[in-house]
Amino acid sequence: EEELAGEIRSSYDNNKALPKVLHSSALKLYREYLAIGGMPEVVSRFVETNDTVQVKALLDTLLMDYLSDMSKYQDSANEIKKTRLVYETLPVQLSKKNTRFQYKVVKSGGRAAEYENAIEWLVCANLFSRVYCCEQIKKPLDNYKNIDNFKIYFSDTGLLCAQKGLRAEDVFFMEKELTDFKGGLTENYVQTQLIRNGLKPYFWTNGKGTKEVDFVADLNGSIIPIEVKSGTHVKTDSLNEYTRLYKPEYAVRMSEKNFGFENNVKAVPLYAAFCIE
């Protein structure tokens, strides 16, 4: 869809709404990507067959292969068990309203000392990626990260959906049953795109836990907040609080709404995440 991708990039650069028919087509492709992901063999199978059952079977096989790798490349049976627990419970973490990583979700009474090696292994194996909370909005952001406050995302949304046991059609049509998971899945997707573009995102909270901006990143020398919404409801109290405190050059709000620019907020449809760099 090179022509459509070109139109999307042009709309992103000019803050100009995409024609409705193209906007609808792009949203459909975006939802397909959520369910299928970007693993080369999986994408090829979908392009060749358009068969989501085959795609799901292939994703399930990949998940089993990764579980096998955990046994192959770790020495301790106890560490293998911990790594698998973290791996298998991440979709539950992302289904919560607060998507910050919580050890108690892995195991009741779980602590950092017990699972930090497992998390590190999964991050180093590029199965997971980690985003830290930034306590101060100053350069370099890495100096102000809170190493005890972080989120973890799958490196591929197709694998995440397969791990959750979802059918592709559930995601294509965003069934009501996905309500609790949509936010985390959408965040995960945006994070993979930011990483793909060479960015190192963080997230921000107001310290009281009442306001949170999903991502902040250095875009062309400016620290820009990026708020992510899974649908068309775009109320942004947290983003408003952030902009009041830090007065960024502009803010990005991602949702299923079309492109636009109003009150210093750049509206970016979710399918255009590849443009943010």
Side-chain angles (χ1 to χ4, degrees), residues 1-18 22-23 25-34 37-38 94 99 129-134 137 139-142 145 150-158 160 182-204 212-234 236 238-240 242-243 246-277:
E1 300 287 347
E2 290 181 16
E3 188 174 346
L4 176 57
E7 292 287 344
I8 290 169
R9 188 168 287 282
S10 176
S11 287
Y12 177 85
D13 291 339
N14 298 300
N15 300 313
K16 184 179 177 182
L18 205 62
L22 296 183
H23 179 68
S25 296
L27 281 176
K28 178 177 179 291
L29 291 169
Y30 152 71
R31 288 177 177 173
E32 285 184 356
Y33 180 83
L34 286 182
L94 291 172
T99 54
S129 55
R130 182 168 40 199
V131 174
Y132 290 101
C133 179
C134 206
I137 303 303
K139 293 185 181 183
L141 289 170
D142 201 57
K145 69 184 180 186
F150 57 88
K151 300 182 182 184
I152 292 180
Y153 298 100
F154 258 88
S155 294
D156 182 78
T157 58
L160 171 59
K182 279 199 308 187
L185 175 60
T186 308
E187 273 185 43
N188 200 123
Y189 155 77
V190 171
Q191 195 266 350
T192 61
Q193 300 304 299
L194 297 176
I195 294 291
R196 172 190 176 276
N197 286 346
L199 299 172
K200 189 173 182 180
Y202 299 82
F203 71 96
W204 171 85
E212 179 179 305
V213 172
D214 300 303
F215 301 106
V216 291
D218 191 332
L219 305 185
N220 297 314
S222 297
I223 299 175
I224 301 299
I226 303 169
E227 181 82 338
V228 178
K229 301 292 184 183
S230 61
T232 55
H233 178 70
V234 293
T236 54
S238 294
L239 193 59
N240 292 340
Y242 180 100
T243 55
Y246 299 107
K247 298 177 175 50
E249 184 178 329
Y250 63 95
V252 172
R253 186 195 65 218
M254 304 198 68
S255 70
E256 291 198 349
K257 297 191 79 170
N258 214 322
F259 292 97
F261 196 94
E262 187 177 3
N263 298 324
N264 215 38
V265 175
K266 184 180 180 73
V268 178
L270 289 160
Y271 55 73
F274 72 92
C275 298
I276 300 175
E277 54 190 7

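Everything quoted here is computed from the prediction, not taken from an experiment. Only heavy atoms go into these numbers, but all of them, side chains included; no hydrogens, no water, no symmetry mates. Counting begins at 1 with the first residue of the sequence.
To the nearest 0.5 Å, atoms OH (Tyr189) and CG (Leu34) are separated by 7.5 Å. Rounding to the nearest 0.5 angstrom, the gap separating the CG atom in Leu27 from the CG atom in Leu22 is 11.0 Å. Note: Phe274 CZ to Ile8 CD1 = 5.0 Å, rounded to the nearest 0.5 Å. Once rounded to the nearest 0.5 Å, the distance linking CG of Asn197 with CD1 of Ile276 reads 8.0 Å. To the nearest 0.5 Å, atom CZ of residue Phe150 and atom CZ of residue Phe203 are 9.5 Å apart. Note that CD of Glu187 is 4.0 Å distant from NZ of Lys151, once rounded to the nearest 0.5 Å.
The aromatic rings of Trp204 and Tyr242 sit perpendicular to each other, their planes meeting at more than 60°, with 30° as the lower class boundary.
Side-chain contact between Leu29 and Leu4: present, with at least one pair of heavy atoms (C-beta onward) separated by less than 4.5 Å. Using a 4.5 Å heavy-atom threshold, the side chains of Ile226 and Leu194 count as touching. Inter-residue side-chain proximity for Ile223 and Tyr246 is flagged as unmet; no heavy-atom pair is nearer than 4.5 Å. Side-chain contact between Leu199 and Leu219 is present, with at least one heavy-atom pair separated by less than 4.5 Å. Between Leu18 and Ser10, every side-chain heavy-atom pair lies at or beyond the 4.5 Å cut-off.
Asn258 places no side-chain N or O within 3.5 Å of a backbone atom of Ala17 that could act as its donor or acceptor partner. Put simply, the side chain of Thr186 never gets that close to the backbone of Val228: no donor and acceptor are under 3.5 Å apart. Side-chain atoms of Asn240 come within 3.5 Å of backbone atoms of Thr236 as a donor-acceptor pair (strictly under, hydrogens ignored).
Sorted by first and then second residue, the salt bridge (Lys or Arg N to Asp or Glu O under 4.0 Å) pairs involving residues 251-269 (not counting sequence neighbours) are Arg31-Glu256. Pairs passing the salt bridge (Lys or Arg N to Asp or Glu O under 4.0 Å) check and including a residue from residues 214-231, sequence neighbours excluded, read Glu227-Lys229.
Listed by chain and residue number, nothing satisfies the side chain to side chain donor-acceptor pair (under 3.5 Å) test with Tyr30 (two or more places apart in sequence, or in another chain). Lys139 pairs by the side chain to side chain donor-acceptor pair (under 3.5 Å) definition with nothing, not counting sequence neighbours. Under the side chain to side chain donor-acceptor pair (under 3.5 Å) criterion, Tyr202 pairs with Asp142, sequence neighbours left out. Among residues two or more places apart in sequence or in another chain, the side chain to side chain donor-acceptor pair (under 3.5 Å) test is passed with Glu7 by none.
Shown here is Asn220, whose CG atom has no more than 12 heavy atoms of other residues, nucleotides or ligands within 6.0 Å. Residue-environment remark: CD (Glu277) exceeds the threshold of 12 foreign heavy atoms within 6.0 Å.
The six-membered or imidazole ring of His23 lies near that of Tyr271, with a centre-to-centre distance under 6.0 Å.
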